[in-house]
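Right, one structure below, let's go through it.
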Amino acid sequence: MTLGTCQFVPPYLLRHLATAQAEVSDHCHATLAIDERMRTTRLAPPAAPQALAGPAGPAWTVHTAQNGSSLPGTPVRAAGEPDSGDAAVDEAATGIAGSLALFSEVYGRDSYDGRGAPVSLTVHYGRNYDNAFWDGTQLVFGDGDGRVFGRFTRPVDVLGHELTHAVTEHTAALEYAGQPGALNESMSDVFASCLKQRLLGQSALEADWLIGEGIFLPGVAARALRDMAAPGTAYDDPAIGRDPQVGQMADYVDTTDDNGGVHLNSGIPNRAFQLAATAIGGSAWEGAGAIWYAALTGGQVGARTDFAGFAAATVAAAGAQADAVRDAWAEVGVTAGVSGPAAPTTPGPGSAGTRVAVRRTGGFAGLTMAGEVDLTADDPRGGEVRTLLDRIDLATVRRGLPQPDHFVYDFDLRGRRAVVPEQHLTDDLRRLVELLLEGGRSR
């Protein structure tokens, strides 16, 4: 699996927010633009871990980008050093130390790669940046827009979620589309929740099962970004819309958005884990978490494993708890070993004529953005759009597999259609995205 950026906020949430709340619209657009610029400049294979820290170096180092976009930025605090007094730095330190300890002390895994790779983190990335991501080399966190989103380091499970994407990348390497992609997202939520519960000393029955609690600022009608116990109930607010996650196979969302609905359908395996953890009892990280980790790393799960295949792997790894695990999956409509739809649907034919449109999905929060230009209308963007269309040949654009928490673009260029992962955008497609989604604002 190609390394890439794994973001915290799904694109459907950012899109709704940009449309519904004018005060943060510019911030949302800026966040999406930064994501695009950052990812398209990081397509080369990541440097070896020793490039970030030598073999005897610290297990982790937190840097600050000082609200710029240069990575990794200036080092502020490393493992073994005292608090810095910077809230974001110290929250990141607590989160990464806890995440590494979870995998090491509970599952016997030495860092995300199993070989002790040092972890580089950067906080204060960009201005009003509404996201967090793992880019294959480091963890990066924005400060939020100050109106809807706060610091992305504040919920400790954000750290656990993004680091787990790296663990999945180095183990089963689940493809980031359809059911395998939803499993990829779910793995990150599972171990993020285990981290949170472990730090709080909670049993599975005591836990609230919320992901991203505290990421929204006061005044937003949201308990968290996701609820593993009750998918689809985490938020309902005019600014961000209603939580669209599903928790049953009967409600599985078959869509081309969000890499086949990976943030929407991840609620199904999330709910299965919560049911298994509470049925087994005790701590989630030692009970169901150990079973899920064994399934992820045991060799039965591969890049295209679907829900049923992963369910079978967890049942096989569960030992005396096999019935509880099997029942948990059955409760959400998944029968171990019986496969269902595993990939997004193919886009339908485009609208021929004068319409040029792009739809952007994906990202940690699953927000979606869309924009279009009618070439017959009196639109100041029309001239440049026509020039770009004369140069763009969708048949030559690389498709490839999407990457965790990356954005994916569905283009409709006067009837010509293509779905393009962000890492494969050409310069002309990137400019077209800027024009359609950001009104042509320069970088």
Item to complete: Mind checking the NZ-NE2 spacing from Lys196 to His161? Nearest 0.5 Å is all I need.
Response: 14.5 Å
Worksheet item: Considering residues at least two apart in sequence or located in another chain, which fulfil the salt bridge (Lys or Arg N to Asp or Glu O under 4.0 Å) criterion with Asp379?
Response: Arg381
Worksheet item: Taking atom CZ of Arg226 and atom CD1 of Ile215, what is their separation to the nearest 0.5 Å?
Response: 9.0 Å
Fill in: Full working for side chain to side chain contact (heavy atoms under 4.5 Å, CB included) between Leu375 and Arg414
CA-CA 9 Å; Leu375 296 179; Arg414 293 186 297 197; 3.7 Å; yes
Discussion item. Would Asn128 and Asp143 count as a side chain to side chain donor-acceptor pair (under 3.5 Å) here? Give the steps.
Written reply: CA-CA 6 Å; Asn128 304 310; Asp143 292 328; over 6 Å; no
Response to the item:
Looking only at heavy atoms, the pair that brings Leu195 and Ser99 closest together is CD2-OG, 3.2 Å
Practice prompt. Might you point out which heavy atoms bring Val89 and Arg77 nearest each other, and give the distance in Å?
Written response: CG1-CB, 3.8 Å
Fill in: Value rounded to 0.5 Å, distance of OG1 in Thr153 from CG in Asp86
8.5 Å
Worksheet item: Would a 4.5 Å heavy-atom cut-off, applied to side chains only, mark Val397 and Phe411 as touching?
Response: no
Worksheet item: Should the pair Asp110-Arg115 be classified as a salt bridge under the 4.0 Å nitrogen-to-oxygen rule?
Response: no
Worksheet item: Only one of Tyr129, Phe141, Phe216 forms a ring-ring contact (aromatic ring centres under 6.0 Å, His included) with Phe149, so which one is it?
Response: Phe216
Practice prompt. List the steps, then state whether side chain to side chain contact (heavy atoms under 4.5 Å, CB included) holds for Leu413 with Leu432.
Written response: CA-CA 10 Å; Leu413 309 184; Leu432 188 63; 3.6 Å; yes
Worksheet entry | Set of side-chain contact (heavy atoms from CB on, under 4.5 Å) partners for Asp227, sequence neighbours left out | Trp209, Leu210, Arg223, Ala229, Ala230, Thr233, Ala234
Item to complete: For Ala221, enumerate each residue passing the side-chain contact (heavy atoms from CB on, under 4.5 Å) test, keeping only those at least two apart in sequence or located in another chain.
Response: Asp237
Fill in: Exercise: identify the closest heavy-atom pair between Val334 and Ala311
CG1-CB, 4.0 Å
Item to complete: Could you check whether the rings of Phe103 and Tyr293 sit parallel, tilted or perpendicular, using 30° and 60° as the cut-offs?
Response: tilted
Worksheet item: Is there a donor-acceptor pair under 3.5 Å between the side chain of Thr305 and the backbone N or O of Gly302?
Response: yes
Worksheet item: Looking at Pro180 and Ala303, what are the two nearest heavy atoms and their distance?
Response: CB-O, 3.5 Å
Worksheet item: Any chance the rings of Tyr107 and Phe191 have centres within less than 6.0 Å?
Response: yes
Discussion item. How long is the straight-line distance from CD of Glu372 back to CZ of Arg359, given to the nearest 0.5 Å?
Written reply: 11.5 Å
Worksheet item: Which value, rounded to the nearest 0.5 Å, describes the distance between Glu162 atom CD and Leu121 atom CG?
Response: 11.0 Å
Fill in: Arg355 and Asp374: CA distance, side-chain angles, deciding distance, salt bridge (charged side-chain N to carboxylate O under 4.0 Å, His left out) verdict
CA-CA 5 Å; Arg355 180 174 179 265; Asp374 184 343; over 6 Å; no
Discussion item. Between Asp410 and Arg360, is the salt bridge (charged side-chain N to carboxylate O under 4.0 Å, His left out) condition met? List the steps.
Written reply: CA-CA 7 Å; Asp410 185 347; Arg360 184 182 202 173; over 6 Å; no
Worksheet item: Listed by chain and number, what are the salt bridge (Lys or Arg N to Asp or Glu O under 4.0 Å) partners of Arg391, not counting sequence neighbours?
Response: Asp428
Discussion item. Is there a side-chain contact between Ile268 and Gln248 in this structure, where contact means two heavy atoms from C-beta onward sitting under 4.5 Å apart?
Written reply: no
Discussion item. Run the side-chain contact (heavy atoms from CB on, under 4.5 Å) test against Val106 and tell me which residues pass, sequence neighbours left out.
Written reply: Leu102, Arg198, Trp285
Worksheet entry | Closest approach of Val420 to Arg398 (non-hydrogen atoms, all atoms of both residues) | CG1-O, 3.9 Å
Worksheet item: Do Phe307 and Leu183 come within less than 4.5 Å of each other through their side chains, counting heavy atoms only?
Response: yes
Worksheet item: Under the side chain to side chain contact (heavy atoms under 4.5 Å, CB included) criterion, do Asp243 and Asp236 qualify, and how do the steps go?
Response: CA-CA 6 Å; Asp243 181 0; Asp236 189 356; over 6 Å; no
Fill in: Residues Asn184, Thr168; criterion side chain to side chain donor-acceptor pair (under 3.5 Å); working and verdict
CA-CA 7 Å; Asn184 194 318; Thr168 298; 4.6 Å; no
Worksheet item: Do His124 and Asn67 meet the criterion of a side-chain donor-acceptor pair at a distance under 3.5 Å?
Response: no
Practice prompt. Verify, without hydrogens or angle tests, whether Thr94 (side chain) and Asp90 (backbone) share a donor-acceptor contact under 3.5 angstrom.
Written response: yes
Item to complete: Just do the side chain to side chain donor-acceptor pair (under 3.5 Å) check on His170 and Asp113 with the steps written out, would you?
Response: CA-CA 6 Å; His170 284 266; Asp113 67 345; 5.6 Å; no
Discussion item. Taking salt bridge (Lys or Arg N to Asp or Glu O under 4.0 Å) as the definition, give me every residue that meets it alongside Arg271, ordered by chain and number, with sequence neighbours left out.
Written reply: none
Practice prompt. Please lay out, stage by stage, how Asn265 and Gln179 fare under the test side chain to side chain contact (heavy atoms under 4.5 Å, CB included).
Written response: CA-CA 8 Å; Asn265 295 314; Gln179 286 191 29; over 6 Å; no
Worksheet item: Within the distance-only criterion (no hydrogens, no angle test), does the side chain of Asp145 pair as donor or acceptor with the backbone N or O of Arg147 below 3.5 angstrom?
Response: yes
Worksheet item: Is there side-chain contact between Asp257 and Val408, with at least one heavy-atom pair below 4.5 Å?
Response: no
Worksheet item: Are side-chain heavy atoms of Val123 and His63 found at a separation under 4.5 Å?
Response: no
Discussion item. Main chain of Gly160, side chain of Thr164: is a donor-acceptor contact present, judged purely on distance under 3.5 Å?
Written reply: yes
Discussion item. I need the minimum non-hydrogen distance between Gly214 and Pro155, along with the two atoms involved.
Written reply: C-CG, 4.2 Å
Response to the item:
One should read off an interatomic distance between Asp157 CG and Asp189 CG, to the nearest 0.5 angstrom, of 8.0 Å
Practice prompt. State whether Arg304 and Glu175 are salt-bridged, where the test is any N-O pair (Lys NZ or Arg NE/NH1/NH2 against Asp/Glu carboxylate O) under 4.0 Å.
Written response: yes
Worksheet item: Any side-chain heavy atom of Met187 within less than 4.5 Å of one from Trp292?
Response: yes
Discussion item. Using modelled atom types and a 3.5 Å cut-off, is there a donor and acceptor pairing between side-chain atoms of Asn259 and backbone atoms of Ala177?
Written reply: no
Discussion item. Working note: Ser266 + Gln245, criterion side chain to side chain donor-acceptor pair (under 3.5 Å); need CA distance, chi angles, decisive distance, verdict.
Written reply: CA-CA 8 Å; Ser266 62; Gln245 265 210 325; 3.0 Å; yes
Item to complete: Kindly indicate whether the side chain of Val358, heavy atoms from C-beta on, has any atom under 4.5 Å from the side chain of Leu437.
Response: yes
Worksheet item: Does the side chain of Leu71 come within less than 4.5 Å of Tyr125's, by heavy atoms?
Response: yes
